[in-house]
Amino acid sequence: MFENIKIIKKFDPAAKSYLEIILCYPGLHALWLHKLAHLLYRLRLPIIPRLFNYFSRFLTGIDIHPGAKIAPGVFIDHGAGVVIGETAIIGTGSLIFQGVTLGGTGKETGKRHPTIGKNVVIGAGAKILGNITVEDHVRVGAGSVVMRNVPAGCTVVGIPGKVVKAGDGTSDSMEQMLDHNQMPDPIAKVFSVLLEKVETQQQLINKLYEKQQLLEKSNSNPPEDDLFLQEFIHGDGI
């Protein structure tokens with residue numbers, strides 16, 4: 001409980017006091033209610049855990065299934081529209097923004113939701129789907145759709161999500177976790193490479209055109225011996 005408050009104070013510059021965090025942060029309230037619902041879920045009580053889940057979703061806008069396993073020290077920032085499935089696992093120190101979905105991919109049974117490691121940042125609107133593992137210190141860009149395992153320390157962006165930056169899996173500084181403006185843009189990189197190749201091809205075409213022009217010019221003014229032969233063959237010489 002107190003670890004969740006501490007991590008909010010650490011990561012959110014808008015948090016002015018601990019009292020404000022306790023009273024005004026829906027992500028914190030959702031996690032507190034989930035702890036109670038998860039305890040009742042483990043006791044195999046029928047209906048009641050889901051009623052707590054329903055009340056929590058009504059109060060906070062965050063839908064966390066009672067079966068999800070969430071470690072202490074997780075921060076759900078803003079939280080509106082966050083959905084966390086029944087078999088999802090989230091490691092300590094992770095930061096989840098609004099609109100994130102940790103969901104399944106079908107009607108499979110058993111473990112069907114993601115496992116999120118420690119100190120993972122999941123950007124707004126990102127979807128992590130299926131029984132996959134996102135290892136420690138990973139950053140998932142806003143709006144990405146991740147459906148494959150992600151190694152530790154990597155940065156993932158895009159639809160489908162692709163690893164655009166590898167890491168050593170050990171960096172968990174607050175500055176790096178919150179530095180969303182440094183997310184690589186793989187599409188821009190692809191267009192940059194293609195533009196460079198087009199320019200290179202255009203230069204080669206220009207050189208070939210110049211050579212062709214020189215050849216045509218040289219053929220239009222043949223040497224005197226060639227002129228003599230042409231006149232002899234096509235003229236009165238034969």
Side-chain angles (χ1 to χ4, degrees), residues 4 7-15 21 24-31 34 57 60-65 68 70-71 73-85 88-105 113-169 171-192:
N4 295 107
I7 198 170
I8 292 174
K9 186 65 174 176
K10 176 182 178 182
F11 283 133
D12 192 357
I21 293 171
C24 304
Y25 275 70
L28 180 64
H29 302 154
L31 291 172
H34 170 72
R57 183 175 61 182
T60 66
I62 300 169
D63 187 358
I64 307 176
H65 192 283
I70 303 177
V74 171
F75 179 22
I76 300 177
D77 194 6
H78 299 291
V82 169
V83 178
I84 300 175
I89 300 173
I90 304 175
T92 186
S94 292
L95 177 58
I96 299 173
F97 286 90
Q98 67 272 15
V100 167
T101 298
L102 306 181
T105 56
H113 298 101
T115 297
I116 308 300
K118 299 177 182 179
N119 302 311
V120 174
V121 179
I122 307 176
K127 315 299 177 186
I128 303 179
L129 306 176
N131 182 20
I132 62 175
T133 300
V134 177
E135 297 186 14
D136 300 346
H137 311 289
V138 167
R139 294 197 300 168
V140 180
S144 301
V145 178
V146 182
M147 301 181 69
R148 294 183 179 180
N149 295 332
V150 182
C154 293
T155 298
V156 180
V157 299
I159 304 175
K162 293 181 173 60
V163 175
V164 295
K165 182 179 180 182
D168 56 11
S171 178
D172 59 351
S173 67
M174 182 175 67
E175 291 77 10
Q176 184 175 15
M177 291 182 71
L178 297 177
D179 202 3
H180 292 280
N181 64 326
Q182 298 300 322
M183 285 289 183
D185 187 347
I187 297 176
K189 183 176 181 180
V190 168
F191 276 105
S192 176

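Counting begins at 1 with the first residue of the sequence.
Summarising the geometry, atom NE2 belonging to H34 is positioned 6.0 Å from atom CD1 belonging to I64; distances are rounded to the nearest 0.5 Å. Note that the NE2 atom of H113 and the CD1 atom of I132 stand 11.5 Å from one another [nearest 0.5 Å]. Annotation: the span from E135 atom CD to T115 atom OG1 amounts to 10.5 Å, rounded to 0.5 Å. Put simply, CG on N119 and CG on D136 are 7.0 Å apart, with the number rounded to the nearest 0.5 Å. The NZ atom of K162 sits 15.5 Å away from atom OG1 of T155, with the distance rounded to the nearest 0.5 Å. Summarising the geometry, atom CD1 belonging to I96 is positioned 4.5 Å from atom CD1 belonging to I122; distances are rounded to the nearest 0.5 Å.
Counting only heavy atoms from C-beta outward, the side chains of D12 and F75 approach each other to under 4.5 Å. Residues V163 and V156 are in side-chain contact: their nearest non-hydrogen atoms beyond the backbone lie under 4.5 Å apart. You'll find the side chain of V134 reaches within 4.5 Å of the side chain of I128, heavy atoms only. Taking 4.5 Å as the limit, some side-chain heavy atom of I116 sits within range of a side-chain heavy atom of S94. At a threshold of 4.5 Å between non-hydrogen side-chain atoms, the residues L31 and I76 count as touching. The closest side-chain heavy-atom distance from L129 to V146 is not below 4.5 Å.
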- Query: Is there a side-chain contact (heavy atoms from CB on, under 4.5 Å) between K118 and T92 once you walk through the steps?
  - Reply: CA-CA 5 Å; K118 299 177 182 179; T92 186; 4.0 Å; yes

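In terms of heavy atoms, L102 sits closest to A88 at CB-CB, 4.4 Å. A pairwise comparison of heavy atoms in V120 and H137 identifies CG2-N, 4.1 Å as the closest pair. Nearest heavy-atom pair, G158 versus S144, reported as atom, atom and distance to 0.1 Å: N-OG, 3.1 Å. What you find for H65 and G85 is that their closest heavy atoms are CB-C, 3.8 Å. Residues G103 and P114 share a closest heavy-atom pair of O-CD, 3.6 Å. Of all heavy-atom pairs spanning V82 and Q98, the tightest one is CG2-CA, 4.1 Å.
Within a 6.0 Å radius of NZ in K9, other residues, nucleotides and ligands contribute more than 12 heavy atoms.
Looking at D77 and Y25, their side chains never bring a donor and an acceptor atom within 3.5 Å of each other.
If you run side chain to side chain contact (heavy atoms under 4.5 Å, CB included) between L28 and each of I7, I8, V74, T60, only I8 comes through.
Taking a cutoff of 4.0 Å between a charged side-chain nitrogen and a carboxylate oxygen, R57 and D63 qualify as a salt bridge.
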